[in-house]
Amino acid sequence: LTLHFCCCLFVFCLLPCLSFFFFLLSLMRKEGFLLVVGLEIHARINSLSKAFSRAPVTFAAPPNTHVDLLDSAIPGSYPVFNQRCLDAGVMTSLALNMKISPTLTFDRKHYFYHDLPLGYQITQEHNPIGRNGHLDVILTDDEKRLVGEEEWSQRVSLSRLQLEHDSGKSIHTAPDMTLIDLNRCGIGLMEVVTEPNIHSSAIAIRFVKDIIAILSTLDVCDGNLSEGSLRVDANINVVDQASGKKTPRCEVKNINGLRFLGKAIDFEASRQSEYLCQGREAELQMETRNFDPQSGTTIPLRVKEGNVEYRFMPEPDLPPLAVSDIYIQGIRERMPILPKEKINTIVEQFGISPQQSLLLHDFEGGLTFFENVLAINGGKGVDPSKVAAFIVSDIFSISNTQKVRIDDIVTPQQVHDLMYEVQTDSISLRAAKTILSQLASSPAIKVTDVAKNLDLLQLSDDHALAQLAVKSVASNAKQREKYLKGQEGVVGFFVGQVMNQTGGKANPKRTKELVLQALNEYS
């Protein structure tokens, strides 16, 4: 009986306590771990033809209809470099603060795969177009909380930007059958490689967002992850800062979504940290993995037993290409205003916060819409910060819910009129949200007409409001005495009384002033 009691005590009391202790110990140990992430971004260049052939570039074309002799490796075919790819590479390198190589050379990267008929990829292993750059990513308040940083800008160092061409597409129709579509084979790519100095999934996601914004602004890539215009590889490992032990680097390939990128990094950080906590890091191997969106986990594809020998050699059919300072200056002069410069300009011009400017920029068409609202009547009569807050919190919410562009919901004129009515205390902010739902997709409707029809105009008649304030104060002696004893919070009670009597139409700011006047009559 005593033995049975001891066993029960161990199973039901001591064992859970020990498990919880080791769980806390693992959490404490994980706090000393450093997540190390390096990203490789493959961006498809916007061009009419492929990087080294005359075949046209069109998304979703019928299979194998845009294939040139070079793409299908017909003997005797030669590559001819596309000027558009050079322009895109130089422009992007400048935007990423990189040093441009004065002479470009290309290399052959040899490997065999079904969708690469040449048996090699034309790339820039030894002399990339851009080197040693950086990008200062701007963090939202939510991202700063996730990262645990106070600064709103974090620098990500960049190793290189190289030009290359894409492979074809393998379509696995059955376990024993694979179809090959060579339409994608030969399309120009820019590969942007970061240094391994990203230490959170939030910064990784923000970095990719900012890269997409830059590429879209430059019109060198549309950045569409779902269509494969941009793909991300994440190299991840974890370092125990106390002992110096670290896990082997794992590469998660072809991530095609920002949310998936964050989940892949977080999963790998957790998985590898567990091995470190248990002292089992030696069981891990360098490997390539794939992210499974269904389970939110990464799945091993193949083990990297060592450095792959690609037998790089200079591309004999493409001579070195000189990039002159005059050419670089010409590209620089053609560049549009970059996103970060635009954000800073909006902050300085309109006095809104960097966070508001960033949120407006993150949403497609948000900054332009905001500027169009403020352009009406020179922005007179409206507060830019309140306009920005209203667009971000309310209009973006409708856009996300209905899956439509903000221009299809409401016009800049309607938003200006709406915020003007709020600014002049004609309607409340709560009423403005109600009116917005009525304005949606109806550009001809006027704000004042909706406010009148819905009886949302605020009551600002001082005489009527003063009478209600005096009555409220006089008929609530208990609450009045609390105020007179220093409990200023009860003022809201009296304001609420007046609001209830007016059906919520009383101007709350003016009502509070009149309530205080009535209360002071008793002091």
Side-chain angles (χ1 to χ4, degrees), residues 34-45 51 85-86 88-109 121-138 153-166 188-215 218 220-221 223 230-239 246-255 261 264-265 268 286 288 304 306-310 312 314 321 323 328 338 340:
L34 178 67
L35 172 66
V36 181
V37 179
L39 298 179
E40 299 172 12
I41 298 177
H42 305 266
R44 185 184 300 170
I45 298 172
C85 294
L86 175 62
V90 171
M91 193 176 292
T92 307
S93 295
L94 290 173
L96 298 178
N97 306 293
M98 289 186 168
K99 181 180 180 182
I100 309 295
S101 297
T103 304
L104 301 186
T105 59
F106 290 91
D107 305 286
R108 289 184 180 183
K109 178 182 179 181
Q121 179 189 41
I122 301 177
T123 184
Q124 292 186 300
E125 175 66 14
H126 297 111
N127 193 19
I129 190 168
R131 288 184 185 271
N132 303 327
H134 66 268
L135 179 62
D136 294 324
V137 298
I138 307 169
S153 181
Q154 292 285 309
R155 174 162 294 188
V156 175
S157 298
L158 306 176
S159 170
R160 58 196 284 140
L161 184 151
Q162 62 192 45
L163 298 172
E164 55 194 27
H165 70 82
D166 209 347
L189 294 178
M190 291 182 292
E191 181 178 358
V192 179
V193 183
T194 76
E195 298 287 357
N197 65 342
I198 297 173
H199 303 299
S200 76
S201 58
I203 291 182
I205 291 172
R206 170 51 58 184
F207 171 77
V208 175
K209 278 185 179 179
D210 288 357
I211 286 287
I212 291 173
I214 289 171
L215 297 178
L218 297 176
V220 296
C221 175
L230 188 133
R231 305 190 297 273
V232 182
D233 300 341
N235 295 281
I236 307 163
N237 74 315
V238 177
V239 178
K246 60 183 178 180
T247 58
R249 178 171 53 85
C250 154
E251 183 179 23
V252 184
K253 297 283 287 185
N254 295 328
I255 304 171
L261 173 63
I265 292 174
E268 275 303 305
M286 284 185 61
T288 300
K304 296 183 177 182
N307 292 327
V308 179
E309 180 51 67
Y310 289 114
F312 285 103
L321 180 65
V323 182
I328 294 173
L338 295 175
K340 187 178 179 182

Determine whether Leu230 and Arg44 make a side-chain contact, defined as any pair of heavy atoms from C-beta on separated by less than 4.5 Å. no
Can you measure from CG (Leu161) to OG (Ser93) and round to the nearest 0.5 angstrom? 4.0 Å
List for me each residue that meets salt bridge (charged side-chain N to carboxylate O under 4.0 Å, His left out) alongside Arg131, sequence neighbours excluded, and say none if there are none. none
Not counting sequence neighbours, which residues clear side-chain contact (heavy atoms from CB on, under 4.5 Å) with Pro248? List them please. Leu284, Met286
Mind checking whether His165 and Leu189 have side chains closer than 4.5 Å, heavy atoms only? no
Kindly indicate whether the side chain of His199, heavy atoms from C-beta on, has any atom under 4.5 Å from the side chain of Val37. no
Can you name the salt bridge (charged side-chain N to carboxylate O under 4.0 Å, His left out) partners of Arg160, sequence neighbours left out? none
Only counting residues at least two apart or in another chain, list the ones meeting side-chain contact (heavy atoms from CB on, under 4.5 Å) with Thr123. Lys109, Gln121, Gln162, Glu164, Phe312
Apply ring pair (Phe, Tyr, Trp, His ring centres under 6.0 Å) to Phe207 and list each qualifying residue two or more places apart in sequence or on a separate chain. none
Applying side-chain contact (heavy atoms from CB on, under 4.5 Å), can you list everything that pairs with Asn132, at least two apart in sequence or on another chain? none
For the residue pair Leu321 and Thr103, establish whether any side-chain heavy-atom pair is separated by less than 4.5 Å. no
One should read off an interatomic distance between Cys250 SG and Asn237 CG, to the nearest 0.5 angstrom, of 9.5 Å
